[in-house]
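Down below is the structure, laid out as structure tokens.
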Amino acid sequence: YRYTLNGKPTEVEEHFEVAATNGGWRLESTRTAAGSTRLHAEASGTGDRDSTCTLAFSSDDIAETIALYELAGGSLTVSMNGEAPRGIEADVYGADVYGAAVLSPLLRVFQGPAVAETIRAGGRRPVLSPWLDPADPASLLTPLVDIRTAEPLGPEAVGEGDEETLWRHCRYVGGNYDDEADFWLDEHDRLVRYRFPQAEDQLWEVELVEQPLSLE
């Protein structure tokens, strides 16, 4: 994925690799930015929504923090920095929140499926993501759940002639995103582009510039 800010290239780089498994999937993804900031995820899951995800974050100023999320049987277990796993109870969203939650740990390879699954669920779904604010290192990678909404805005043709394809333009609201953000998915529910006006003078755009490598 290529990141631009106000139309200019940035130092942010994000790469990912994916693979299908018997009845499921697995992937790795890494985003790097200025100051040796790095977010890495290794995840796997099955068709019944059970999944595991190991997250690691580090920067010049913050030692590596590692979190292991395990979603199984409608419950969430988290292990921080190798400590004993602990169950995370459901909050105000209801007892079945983890059974319905979409895993979306702040890397673009997860974002397309999160948008698509939220739309398929009727446009509203709990999303599980990690807290990632370097100003609060004590809380880094602790789990957050919020209810997000999504809706399709229509197909858009991209390319010409034999190269023409349709992207699905979508709206996805929640977390950092309001209704000013725009998302485009391909036929595989993969995020291929998004626009995020973070502030009046900050327009982030992300585009898939190469197809993912296979882990196989």
Side-chain angles (χ1 to χ4, degrees), residues 1-16 29-41 55 57-62 65 92-93 101-119 121 123-159 165-186 189-210:
Y1 284 104
R2 178 176 59 203
Y3 284 68
T4 61
L5 177 59
N6 298 332
K8 297 180 180 180
T10 70
E11 297 182 11
V12 181
E13 294 185 357
E14 189 165 323
H15 306 274
F16 63 95
S29 183
T30 302
R31 181 166 69 238
T32 57
S36 299
T37 300
R38 179 179 183 270
L39 176 65
H40 178 75
L55 293 160
F57 176 84
S58 61
S59 71
D60 283 347
D61 302 321
I62 299 173
T65 298
V92 295
Y93 298 118
V102 177
L103 181 65
S104 186
L106 307 182
L107 291 153
R108 304 308 155 207
V109 65
F110 294 93
Q111 201 159 44
V115 174
E117 290 188 37
T118 302
I119 291 173
R124 181 179 174 87
R125 194 157 209 165
V127 173
L128 172 64
S129 61
W131 175 258
L132 191 57
D133 182 355
D136 183 14
S139 299
L140 279 174
L141 303 186
T142 56
L144 298 172
V145 175
D146 66 320
I147 301 297
R148 302 196 182 185
T149 61
E151 62 176 320
L153 300 179
E156 293 187 9
V158 179
T165 187
L166 290 178
W167 288 355
R168 288 172 289 155
H169 185 194
C170 303
R171 182 71 29 80
Y172 181 56
V173 177
N176 292 327
Y177 301 113
D178 58 22
D179 58 9
E180 296 297 316
D182 293 280
F183 299 78
W184 288 265
L185 312 184
D186 67 10
D189 293 343
R190 186 176 299 132
L191 182 76
V192 287
R193 182 183 177 218
Y194 95 95
R195 299 174 71 254
F196 171 44
Q198 188 174 18
E200 289 186 4
D201 59 348
Q202 290 185 321
L203 176 62
W204 284 95
E205 295 181 271
V206 176
E207 184 178 358
L208 180 67
V209 294
E210 293 183 25

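One is the number of the first residue; the rest follow in order along the sequence.
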Quiz item: Counting only heavy atoms not in Asn176, do more than 12 fall under 6.0 Å of its CG?
Solution: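 No, the 6.0 Å shell around CG holds no more than 12 heavy atoms from other groups.
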
Practice problem: Inspect the surroundings of CD in Glu11 and state if more than 12 heavy atoms from other residues, nucleotides or ligands are less than 6.0 Å away. | Solution: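 Not more than 12 within 6.0 Å, no.
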
Quiz prompt | Intermediate values then yes/no, side chain to side chain contact (heavy atoms under 4.5 Å, CB included), Arg195 and Leu203 | solution = CA-CA 7 Å; Arg195 299 174 71 254; Leu203 176 62; 3.6 Å; yes

If you look at every heavy atom in [X] and [Y], which pair is closest and at what distance?
X: Arg148; Y: Thr118; answer: O-CG2, 3.7 Å
X: Ala33; Y: Val12; answer: CB-CG2, 4.1 Å
X: Leu107; Y: Ala41; answer: CD1-CB, 3.4 Å
X: Gly174; Y: Asp146; answer: C-OD2, 3.8 Å
X: Ile62; Y: Phe57; answer: CD1-CE2, 4.2 Å
X: Leu39; Y: Pro105; answer: CD2-O, 4.0 Å

Quiz item: Between the side chain of Asp186 and the main-chain N/O of Trp167, is any donor-acceptor distance below 3.5 Å?
Solution: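 It does not hold such a pair.
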
Exercise. Mind checking salt bridge (charged side-chain N to carboxylate O under 4.0 Å, His left out) for Arg2 and listing every partner two or more places apart, or none if nothing turns up?
Key: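 Testing Arg2 for salt bridge (charged side-chain N to carboxylate O under 4.0 Å, His left out), a comparison that skips the adjacent residues, returns Glu207.
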
Quiz prompt | Residues that Arg193 engages under salt bridge (charged side-chain N to carboxylate O under 4.0 Å, His left out), provided they are two or more places apart | solution =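 Only Glu205 meet the salt bridge (charged side-chain N to carboxylate O under 4.0 Å, His left out) criterion with Arg193.
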
Indicate every side-chain donor-acceptor pair of residues 127-140 with a distance under 3.5 Å to a residue at least two apart or in another chain.
from: Trp131; atom 1: NE1; to: Asp136; atom 2: OD2; distance (Å): 3.4
from: Asp133; atom 1: OD1; to: Ala135; atom 2: N; distance (Å): 3.0
from: Asp136; atom 1: OD2; to: Ser139; atom 2: OG; distance (Å): 3.0

Quiz item: Could you give the distance from OH (Tyr1) to CD (Gln111), rounded to the nearest 0.5 Å?
Solution: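 CD of Gln111 is found 8.0 Å from OH of Tyr1.
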
Quiz item: Rounded to the nearest 0.5 Å, how far apart are OG of Ser29 and CD of Glu14?
Solution: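 It comes to 4.5 Å.
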
Self-check item: Evaluation steps, side chain to side chain contact (heavy atoms under 4.5 Å, CB included), between Thr10 and Trp204
Solution: CA-CA 10 Å; Thr10 70; Trp204 284 95; 3.8 Å; yes

Could I get the full list of side chain to side chain donor-acceptor pair (under 3.5 Å) partners for [X], not counting sequence neighbours?
X: Asp60; answer: Ser36
X: Thr30; answer: His40
X: Arg171; answer: Asp182
X: Asp189; answer: Arg120, Arg168

Quiz item: What residues form a side chain to side chain contact (heavy atoms under 4.5 Å, CB included) with Gln202, not counting sequence neighbours?
Solution: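 Side chain to side chain contact (heavy atoms under 4.5 Å, CB included) list for Gln202, sorted by chain: Leu5, Gln198, Ala199.
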
Quiz item: Who are the side chain to side chain contact (heavy atoms under 4.5 Å, CB included) partners of Ala114, not counting sequence neighbours?
Solution: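 Partners of Ala114 under the side chain to side chain contact (heavy atoms under 4.5 Å, CB included) test: Val102, Ser104, Tyr172.
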
Do [X] and [Y] come within less than 4.5 Å of each other through their side chains, counting heavy atoms only?
X: Phe183; Y: Val206; value: no
X: Leu185; Y: Arg190; value: no
X: Pro152; Y: His169; value: no

Practice problem: Only pairs at least two apart or in different chains count here, so list each salt bridge (charged side-chain N to carboxylate O under 4.0 Å, His left out) that has a residue in residues 105-114. | Solution: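 As it turns out, there is no salt bridge (charged side-chain N to carboxylate O under 4.0 Å, His left out) pair with a partner in residues 105-114 once direct neighbours are skipped.
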
Quiz item: Run the side chain to side chain contact (heavy atoms under 4.5 Å, CB included) check on Glu117 and Arg125 step by step: do they pass?
Solution: CA-CA 8 Å; Glu117 290 188 37; Arg125 194 157 209 165; 4.0 Å; yes

Exercise. With side chain to side chain contact (heavy atoms under 4.5 Å, CB included) as the test, would you mind laying out the steps for Tyr194 and Tyr177 before giving the verdict?
Key: CA-CA 11 Å; Tyr194 95 95; Tyr177 301 113; 3.6 Å; yes

Self-check item: Which residues share a ring-ring contact (aromatic ring centres under 6.0 Å, His included) with Tyr3, sequence neighbours left out
Solution: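 For Tyr3 there are no ring-ring contact (aromatic ring centres under 6.0 Å, His included) partners, ignoring immediate neighbours.
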
Practice problem: For His15, check ring-ring contact (aromatic ring centres under 6.0 Å, His included) against everything at least two apart and list the hits. | Solution: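 For His15 there are no ring-ring contact (aromatic ring centres under 6.0 Å, His included) partners, ignoring immediate neighbours.
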
